[in-house]
Amino acid sequence: MDTGEVRYRIMDTFCSFGVSTRLFLGDCLEVLETLEDHSVDLVITSPPYADQRKNTYGGIRPEHYVEWFLPITGQLLRVLNPKGTFILNIKEKVLHGERSTYVLELILAMRKQGWLWTEEFIWHKKNCYPGKWPNRFRDSWERLLQFNKSKNFNMYQDSVMVPTGNWAKSRLKNLSETDKIRDNSHVGSGFGKNISNWLERKMAYPTNVLHLATECGNKNHPAAFPESLPEWFIKLFTVEGDVVLDPFMGSGTTNIVAEKMSRNSIGIEILPEYYNKVKEYFDNCSTNLFSEKCVEIA
C-alpha cells in the first residue's frame, strides 16, 4: 500500500585484509529481504526487549512482540545457511509483579515457523546493578537462545575449551580401582565413567553458562554486548571467512569482533546515530571503503 512515506537504505562496505563488513542503515526487515538465501553462517543479535528502549526503538508491547518479530525470524530462516545457527539474546521483564510470557510465546511460534530450539545458554552478568525489590532479587542473567534449521549444524566445540583447573589435581589424586574402569551406574541408569581418563587432561568443554561482565558506558549504547559474548559464539559456530549477521546492530560489537576474528559480517541498524558511530569505527580501521546509497519510495 502506498503510504506516501519515503524509505531509505544506506549501505557501506568496508574491506580489511580480505574481510568484508557490510553496514546497512534501515529497517532490518526491509534489508533482510534483499539478502540472498543461505548466505549467512551465524546470526547473533539482541533485539529491543518488549516495553523497553521506548525513547530509541519505540518499545514494542509484550502482547504484540511475537507478531512484530516473527516476520523478521522468517527472513532469518531464509538467509541462514542450512548448517548455520541463530543466537537470540532476550529476557522477559517484570510487569505488575509477574514475569511476562512473551519470550516463551516467541519460542513456540518460531518452532511452528520451522526453527529448532536447540539449546539455551545463560549469560551471567558478573557486574549486574545492585537493587532491592519487595518480591524478587536483582536480575543477573539473560537468555541466549540457540535456534537451528536442522539437527546437523556446524559446531566447533574444541575452539571454546577451557582449562580444567586445579580441581582435577586434588579430586583425582587418590583414585580407587573402581575409578580406573568404566564403572556402571549404581542407580541403574546404565551410564558410567572412567574417571582416570581425566588425569592427563589440561582442557575441558565449557558449560552453557557464560560468566561475562556488561559493557555500556564506553559504547554509547544502553544495551551493548561485551565483546567476549559474540566472540565466544563466533568461535563456536564459525570459521574464518564465514558470514556473521547482526540485524539489530546497535553499537556494532558483533561486527567489530567478527572483523577482528577474520569473519565477514553484516550489520543492520535503524537509528542513524548508532549507525554513524559504527561506520566511523570502520572508517578509521579499514583499508578500502565502498559506499552505496539509495532512496526507496514506499
Side-chain angles (χ1 to χ4, degrees), residues 9-25 28 31-46 72-73 75-89 115-116 118-119 121 144-162 203 205-206 210 225-269 275 278-292:
R9 174 170 55 85
I10 297 177
M11 188 268 283
D12 292 286
T13 301
F14 303 86
C15 297
S16 179
F17 303 106
V19 175
S20 171
T21 303
R22 287 190 288 163
L23 307 180
F24 291 87
L25 174 62
C28 72
V31 175
L32 286 171
E33 290 172 350
T34 70
L35 302 183
E36 295 182 2
D37 294 357
H38 316 311
S39 59
V40 172
D41 300 289
L42 172 64
V43 179
I44 178 168
T45 195
S46 182
I72 297 171
T73 59
Q75 286 298 318
L76 295 177
L77 189 65
R78 179 184 63 80
V79 304
L80 188 65
N81 184 309
K83 292 189 176 183
T85 292
F86 173 23
I87 298 294
L88 175 62
N89 172 219
W115 292 98
L116 300 179
T118 312
E119 178 59 291
F121 297 88
L144 291 156
L145 304 174
Q146 177 187 340
F147 296 96
N148 295 93
K149 299 173 73 168
S150 71
K151 295 181 180 179
N152 183 20
F153 54 88
N154 294 327
M155 191 176 188
Y156 308 97
Q157 293 177 319
D158 289 352
S159 66
V160 294
M161 294 185 78
V162 296
M203 304 293 286
Y205 293 110
L210 308 182
F225 278 154
E227 289 194 1
S228 51
L229 192 150
E231 178 184 9
W232 196 84
F233 287 107
I234 290 171
K235 284 181 181 179
L236 181 59
F237 293 117
T238 69
V239 294
E240 291 187 4
D242 280 352
V243 178
V244 180
L245 165 66
D246 188 344
F248 297 92
M249 182 174 66
S251 62
T253 304
T254 296
N255 302 91
I256 291 170
V257 172
E259 193 268 344
K260 291 178 180 178
M261 297 175 68
S262 299
R263 272 69 164 176
N264 302 298
S265 73
I266 301 169
I268 307 171
E269 176 56 42
Y275 177 88
V278 180
K279 179 180 179 298
E280 182 180 3
Y281 170 88
F282 283 102
D283 271 333
N284 293 332
C285 68
S286 65
T287 54
N288 297 289
L289 167 65
F290 306 94
S291 180
E292 175 191 28

* Go through the structure and list residues passing salt bridge (Lys or Arg N to Asp or Glu O under 4.0 Å) with Asp158, not counting sequence neighbours. => none

* Mind listing the closest non-hydrogen atom pair of Pro206 and Trp232 along with its distance? => CG-CZ2, 3.7 Å

* Structure fact -> So CG of Leu245 and CG of Leu76: to nearest 0.5 Å the spacing works out to 6.5 Å

* Distance-only donor-acceptor check, side chains Asp246 and Thr45, under 3.5 Å -> yes

* Donor-acceptor contact present, side-chain Tyr275 to main-chain Met249, <3.5 Å -> no

* **Charged N-O contact under 4.0 Å between Glu231 and Lys260** => no

* Asked: CG/Asn89 to OG/Ser46 distance, rounded to the nearest 0.5 angstrom?
  -> 3.5 Å

* With sequence neighbours excluded, tell me which residues meet ring pair (Phe, Tyr, Trp, His ring centres under 6.0 Å) with Phe233. => Phe121

* Aromatic ring pairing Phe86/Phe147, orientation class (parallel under 30°, perpendicular over 60°, tilted between) -> tilted

* **Where Ile72 and Cys28 come nearest, the two heavy atoms and their spacing** => CD1-SG, 3.7 Å

* With no hydrogens and no angle check, do the side chains of Ser16 and Glu259 hold a donor and an acceptor under 3.5 Å apart? -> yes

* Asked: Between Phe248 and Glu269, what is the shortest heavy-atom contact and its length?
  -> C-OE1, 4.1 Å

* Quick one: do Arg263 and Asp242 make a salt bridge, cutoff under 4.0 Å? -> no

* Structure fact -> Note: Pro230 and Thr254 closest approach over all heavy atoms is CB-OG1, 3.9 Å

* Arg22: what forms a salt bridge (Lys or Arg N to Asp or Glu O under 4.0 Å) with it, not counting sequence neighbours? -> none

* **Ser150 to Leu116 - nearest heavy-atom pair and separation** => C-CD1, 3.4 Å

* Asked: Checking side-chain hydrogen bond (donor to acceptor under 3.5 Å, both in side chains) against Thr85, which of Asp41, Thr118, Asn148, Asn154 comes through?
  -> Asn148

